[in-house]
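Below: the structure, in structure tokens.
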Amino acid sequence: MTETAAPPRRPIRELPDELVSQIAAGEVVERPASVVRELVDNALDAGATQVTVRLVAGGIRAIVVEDDGCGIPPEELPLALRRHATSKIRTLEELEGVSTMGFRGEALAAIASVSETAIVSRPADAAHAQRLDARSGELAPAARAQGTSIEVRELFFSTPARRKFLKSEATELAHAVEAVRRHALARPDVGFAVWHEGKLVEQWKRGSHEQRFADILGEDFLAQSRALDVQAGPMRLIGRVGLPEAARARADQQFCYVNGRFVRDKLVQHALRSAYEDVLHGQRQPVYVLFIDIDPTRVDVNVHPTKIEVRFRDSGEVYAAVRRAVTQALAAPGGAAPIVAAPAPITLPETPVAGSGFRFAGLPPTAHQSRLSLADLGALYAPEPRAPLPVETGATRLLAAEPSASVPAPTPEHDWPLGRALGQLAGVYILAENAQGLVVVDMHAAHERIVYERLKAAADQAALAAQPLLIPATFAATPTEVATAEARADELQALGLDLSALGPGRLAVRSRPAALPDADPVELARSVLRELTELAEADAGHLLTRARDELLATMACHGAVRANRRLTLEEMNALLRQMEATERADQCNHGRPTWRQVSMKELDALFLRGR
Ligand SMILES: Nc1ncnc2c1ncn2[C@@H]1O[C@H](COP(=O)(O)OP(=O)(O)OP(=O)(O)O)[C@@H](O)[C@H]1O
Ligand SMILES: [Mg+2]
């Protein structure tokens, strides 16, 4: 999301030796896609507004990247090809605060050493372009508009061993296109086109972020994701996170950028994973595009030769911010499971319903996309601020509910987002009527979520009760486990786990959570310790919450109303109201939807009415 105008161009200079020695060295060019990535990086650094990539044989025979950026003055062309010569940084200080994609002065030199490379460039004030052939060093006038074209032919022509490592042309092409996609997602202000052997394979026109997301990730992505824009201390997090229903079998639609640079970062991946934990279970992979814009001095981009990894100065801070922002985006406003709703616009009351306690809050951003979440519906009838929910535990108490305390004052039934209960179907579903038509609720799934969220709230208020073990369970522990148990004793206590060291290599479990009487104390202790140790760096506080939440989720499943339990209309209505007041109520703890809307339009269509 870094769309800052390129800084005024500075001449290319050789980096001082002591700075050269600071720069992460290693293989820059592995395959055509790495060339494409480096050349597009350069075009963007040059302030291009249009970047065109032309490939032959998947990029193995030829890669040409053309831009309309600032160009390179003819006298500097040879320098552009020299190792450790760059226009982008001069000093260590500038390296530490670098905001351009490039800084090593390495890419063109590395590319030219394994291919036949030429640069054609024309700066704004030049009468014509100049072409420099890297191999012969020959400089000759050439024709082109302002900007630069870099031509790279016969990659690895002189190193057949490396050429052999390349995959099929189709595979190399796919990687090269993916490299452009990554840039394009982050830079909707720049137009991109990819040609392969004279055919246009991809084209992304300049436009808004939303448009670019839709162009690259598909129209559905907008409807199936939540926007996020959060300032968290020294960083701003922007992007879109896919709803659980949009999750995929493979992690191939996960885009994370730090200061505009595509990175693969374990810490951020963990933070995202953990934010999804509540709504996405199993092996499903969420779809997301996340831009982390952070003060450049708080992140080191000079840790990996291809810049695919970064190191944050305060990783805990980033972990916590990402986790919180994504959790919030997934929870409210705009919970999770998309609901199949009317393809036509939904008719809504235009004025507040007198005395209802609700005011009409306008269409949510996704309403026109014919998918709604509970929170969207809720937003249509945004309630006045409510009193905090009382914490309850058992299913009986939840259902025997007095709707009064936990939900707003009496309201005309049609005002409830989830409507008025009509009855129960097959002991599994609650049927209700709302302004849009029919609502179908999976009562166990919905209740499970309610109980779970309440347990979490309860545990946030106080420690979970511990059940002392008559005979402490002991086990052989690694030095790390012992150290973690001692360092984190307080937090473990709060989970109901009392661990103490019996010696250098042995731990004793003296209590477990009372709510988990059947849990194997040793296994429980070990897994909690493992989670704690694994990510001790990455905000341990949240991991404890996560481990705790897993326990709570298990408990919730046992606490939730079972199928085939007959409910009275009052109980059903109470459940619907609880859902409306519960975060993430669109999904059960296993990521399945808890309710669906069947619109009047759809019902009419079923009965061919109005045709
Ligand atoms: N498309 C371009 N438009 C304008 N100048 C360019 C372009 N490509 C390269 N240059 C100039 O050539 C120099 C060398 O490019 P090169 O990619 O080798 O190094 P870099 O971008 O400075 O650092 P890095 O190795 O990290 O990419 C750049 O610093 C820049 O001044
Ligand atoms: Mg570069």
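Both ligands and their constituent atoms are indexed starting at 1 by order of listing. Just so you know, these numbers use all the heavy atoms, side chains as well, and skip hydrogens, waters and symmetry mates.
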Atom indices of ligand 1, in the order listed, that fall short of 4.0 Å to a heavy atom of [X]:
X: Glu38; value: 27 (O)
X: Gly102; value: 21 (O), 23 (O), 24 (P), 26 (O), 27 (O)
X: Ala46; value: 3 (N), 4 (C)
X: Lys307; value: 24 (P), 26 (O), 27 (O)

(message) Test salt bridge (charged side-chain N to carboxylate O under 4.0 Å, His left out) on Arg54 and Glu66; report intermediate values, then the result.
(response) CA-CA 8 Å; Arg54 300 179 196 277; Glu66 303 162 0; 2.9 Å; yes
Just to confirm my output: which protein heavy-atom neighbour is closest to [atom], and how far is it?
atom: atom 14 (C) of ligand 1; result: Ala80 O, 3.6 Å
atom: atom 25 (O) of ligand 1; result: Glu106 N, 2.7 Å
atom: atom 21 (O) of ligand 1; result: Lys88 NZ, 2.6 Å

Proximity of [X] to ligand 1 by residue part, where a heavy atom lies under 4.0 Å:
X: Ile72; result: side chain
X: Asp67; result: side chain
X: Glu76; result: neither
X: Ser87; result: both

(request) Only one of Arg9, Arg10, Arg82 passes salt bridge (Lys or Arg N to Asp or Glu O under 4.0 Å) with Glu76; say which it is. (result)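 Going through the options one by one, the only one that passes is Arg9.
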Check this for me - ligand 1, [X], N or O atoms closer than 3.5 angstrom, yes or no?
X: Thr86; result: yes
X: Leu108; result: yes
X: Phe103; result: yes
X: Cys70; result: no

(message) With 2.8 Å as the threshold, which protein atoms of type N, O or S lie near the Mg ion (ligand 2)? Leave waters out.
(response)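 Atoms qualifying: Asn42 OD1.
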Quick check: does any side chain N or O of [X] sit under 3.5 Å from a backbone N or O of [Y], one acting as donor and the other as acceptor?
X: Glu197; Y: Ala57; answer: yes
X: Asp265; Y: Glu309; answer: no
X: Arg236; Y: Ile292; answer: no
X: Arg135; Y: Ser115; answer: yes

Would you tell me whether [X] and [Y] have side-chain atoms, one donor and one acceptor, within less than 3.5 Å of each other?
X: Glu245; Y: Gln224; value: no
X: Arg144; Y: Ser149; value: yes
X: Gln211; Y: Asp215; value: yes
X: Thr49; Y: Asp68; value: yes
X: His183; Y: Asp41; value: yes

(message) If I take atom CZ from residue Arg31 and atom CZ from residue Phe165, how far apart are they, to the nearest 0.5 angstrom?
(response)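 Going from the CZ atom of Arg31 to the CZ atom of Phe165 covers 11.5 Å.
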(request) Calculate, to the nearest 0.5 Å, the distance between atoms CZ and OH belonging to Phe312 and Tyr319 respectively. (result)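 So the gap between those two atoms works out to 13.5 Å.
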(message) Can you tell me if Gly105 contacts ligand 1 (heavy atom of the residue under 4.0 Å from the ligand)?
(response)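 Checking ligand 1 against Gly105, which is what was asked, there is a heavy-atom contact under 4.0 Å.
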(request) Report yes or no: does a heavy atom of Asp41 sit under 4.0 Å from some atom of ligand 1? (result)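 The answer is no, since Asp41 has no heavy atom less than 4.0 Å from ligand 1.
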(message) How about CZ on Arg311, more than 12 heavy atoms from neighbouring residues, nucleotides or ligands closer than 6.0 Å, or not?
(response)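 12 or below, so no.
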(message) If you count every heavy atom of other residues, nucleotides or ligands that lies below 6.0 Å from Arg162 atom CZ, does the total exceed 12?
(response)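 Counting other residues, nucleotides and ligands, CZ of Arg162 exceeds 12 neighbours.
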(request) Would you tell me which option among Ile12, Asn42, Leu77 has the nearest heavy-atom contact to atom 16 (P) of ligand 1? (result)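 The nearest heavy atom belongs to Asn42.
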